[in-house]
There are 2 protein chains.
Amino acid sequence: MEPRKLTRNQALVLETLTHAEAPLSAYTILDKLRDHGFRAPLQVYRALEKLTEFGIVHRLESLNAFVACTHPHDHGPEKGVIAFAICEDCGQVSEISDPEIEDRLAHLALKRHFTTEKTTIEMRGHCGNCTAA
Amino acid sequence: MEPRKLTRNQALVLETLTHAEAPLSAYTILDKLRDHGFRAPLQVYRALEKLTEFGIVHRLESLNAFVACTHPHDHGPEKGVIAFAICEDCGQVSEISDPEIEDRLAHLALKRHFTTEKTTIEMRGHCGNCTAA
DNA sequence: ATGCCACACGTTATAGCATAACGCAATTGA
DNA sequence: TCAATTGCGTTATGCTATAACGTGTGGCAT
Ligand SMILES: [Zn+2]
Ligand SMILES: [Zn+2]
Ligand SMILES: [Zn+2]
Ligand SMILES: [Zn+2]
């Protein structure tokens with residue numbers, strides 16, 4: 001799933017997300033890329049779709065926004081459940097991979113004869129920095 | 001947080017969700033209630049906001065849709081984490097309350113000095129009925 | 001009763017998020 | 001070369017959610 005090379009639009013969108021300090025909506029990305037020739041939402045959404053497939057961008061469902069992957073290890077779309085801790089104050093997003101959570105959810109699903117395709121775990125709250133202040 | 005009595009609008013929205021066989025979007029609810037005098041999205045959103053506060057309706061972030069609570073026990077907004085198993089085929093939603101998941105997430109948050117305000121857990125996939133068929 | 005407050009409600013308008021549908025251009029691999 | 005695939009650009013549209021304003025009602029202290 002990892003791409004050999006990103007297209008120009010994909011690279012621009014990824015770069016925008018990488019330099020951002022908080023999750024960005026597709027339309028915010030669009031605005032930031034107008035100087036680079038972006039004119040329509042689809043240019044952003046199409047890039048985001050691919051980047052998400054590649055596993056280098058994540059969509060945060062509870063925000064309708066996107067972040068560049070900051071996970072220590074690479075992960076494609078099939079490499080397991082990721083939990084996100086999202087600070088409401090500063091926007092910082094931490095990715096958490098935890099086998100215990102994963103196993104437990106798998107167990108709970110199995111018990112119900114439920115076949116899981118995709119799992120979303122998002123914790124909204126306040127990070128250490130913002131709590132200390 | 002439990003209300004003494006629901007307002008007319010709240011009761012209508014709740015009833016619509018209770019009779020539905022799958023999560024409904026606010027606009028779908030609006031359409032179903034036009035015959036009862038509903039004309040604008042805000043009538044639905046305001047009712048949904050209250051019902052969600054009361055803990056008798058849940059919002060599914062990954063669907064931008066709402067379900068009536070089917071949980072065996074009542075739960076207000078502060079009564080713990082709920083995981084949802086959502087069938088992509090028939091729309092059936094199962095609510096899962098699991099202390100192990102809850103404890104583990106609390107532990108992971110604590111380790112990162114993260115204070116959690118709200119947690120979203122949603123599994124998308126296929127229920128037993130739909131897998132068997 | 002009068003004034004005040006809190007709350008639900010109704011309406012209009014607007015903001016924010018996402019995709020459909022069309023056609024063109026570049027790439028790739030027979 | 002030809003066909004298939006993929007990305008791209010554009011226009012239009014649809015879906016989701018909230019802002020802002022005003023009305024009406026019920027409770028409650030004065
Ligand atoms: Zn990641
Ligand atoms: Zn923070
Ligand atoms: Zn419930
Ligand atoms: Zn099903």
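These values consider heavy atoms only, across backbone and side chains, with no hydrogens, waters or symmetry-generated copies. To find a chain, count down the sequence lines: A is the first, B the second, and so on, and within it residues start at 1.
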With the criterion being N/O to N/O and under 3.5 Å, what pairs connect the protein with nucleotides 18-23 of chain C, and how long is each?
residue : atom : partner : partner atom : Å
C:dA18  : OP1  : A:R59   : NH1          : 3.0
C:dA18  : OP1  : A:R59   : NH2          : 2.3
C:dA18  : OP2  : A:Y45   : OH           : 3.1
C:dA18  : O5'  : A:Y45   : OH           : 3.3
C:dA18  : N7   : A:Y27   : OH           : 2.7
C:dA18  : N6   : A:Y27   : OH           : 3.1

Short N/O separations, protein against nucleotides 23-28 of chain D, under 3.5 angstrom:
none

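Nucleotide C:dC17 holds its P atom 14 Å from the CD atom of A:E61, rounded to whole Å. Atom CG of B:L6 is separated from atom P of C:dC9 by 10 Å (rounded to the nearest Å). At whole-Å resolution of the value, CZ in A:R34 and P in D:dT10 are 11 Å apart. Computed from coordinates, the A:L30 CG to C:dG16 C1' distance equals 12 Å when rounded to whole Å. Atom P of nucleotide C:dG16 and atom CG of A:L24 are separated by 15 Å, given to the nearest angstrom. In this structure, B:L48 places its CG atom 14 Å from P of C:dA8, rounding to the nearest Å. Across the protein-nucleic acid pair, A:L33 atom CG and D:dG9 atom C1' stand 15 Å apart, rounded to whole Å. In this structure, the NZ atom of B:K50 is 13 Å from the C1' atom of C:dC9, given to the nearest Å.
Contact record, A:N64 with A:R59: OD1-NH2, 3.1 Å, taken as the closest heavy-atom pair. Looking at every heavy atom in both residues, A:C69 comes nearest to A:G55 through CB-O, 3.8 Å.
Taking the side chain as every heavy atom from C-beta outward, B:F84 and B:E95 approach each other to under 4.5 Å. Residues B:L6 and B:F54 have side chains in contact (heavy-atom distance under 4.5 Å, counting atoms from C-beta outward).
For residues 17-33 of chain B, every residue pair satisfying the salt bridge (Lys or Arg N to Asp or Glu O under 4.0 Å) rule, not counting sequence neighbours, is listed here: B:D31-B:R34. Applying the salt bridge (Lys or Arg N to Asp or Glu O under 4.0 Å) test to residues at least two apart or on different chains, the pairs with a partner in residues 118-128 of chain B are B:E88-B:R124.
Comparing the end axes of the helix from C:dA1-D:dT30 to C:dA30-D:dT1, each fitted to five base pairs by superposing C1' atoms of four pairs onto the next four, gives an inter-axis angle of 30° (nearest 10 degrees).
Contacts of B:Q92 classified as side-chain hydrogen bond (donor to acceptor under 3.5 Å, both in side chains), with partners at least two apart in sequence or in another chain: none.
Proximity of A:Q43 to the phosphate of D:dG9: a side-chain N or O atom is located under 4.0 Å from OP1 or OP2.
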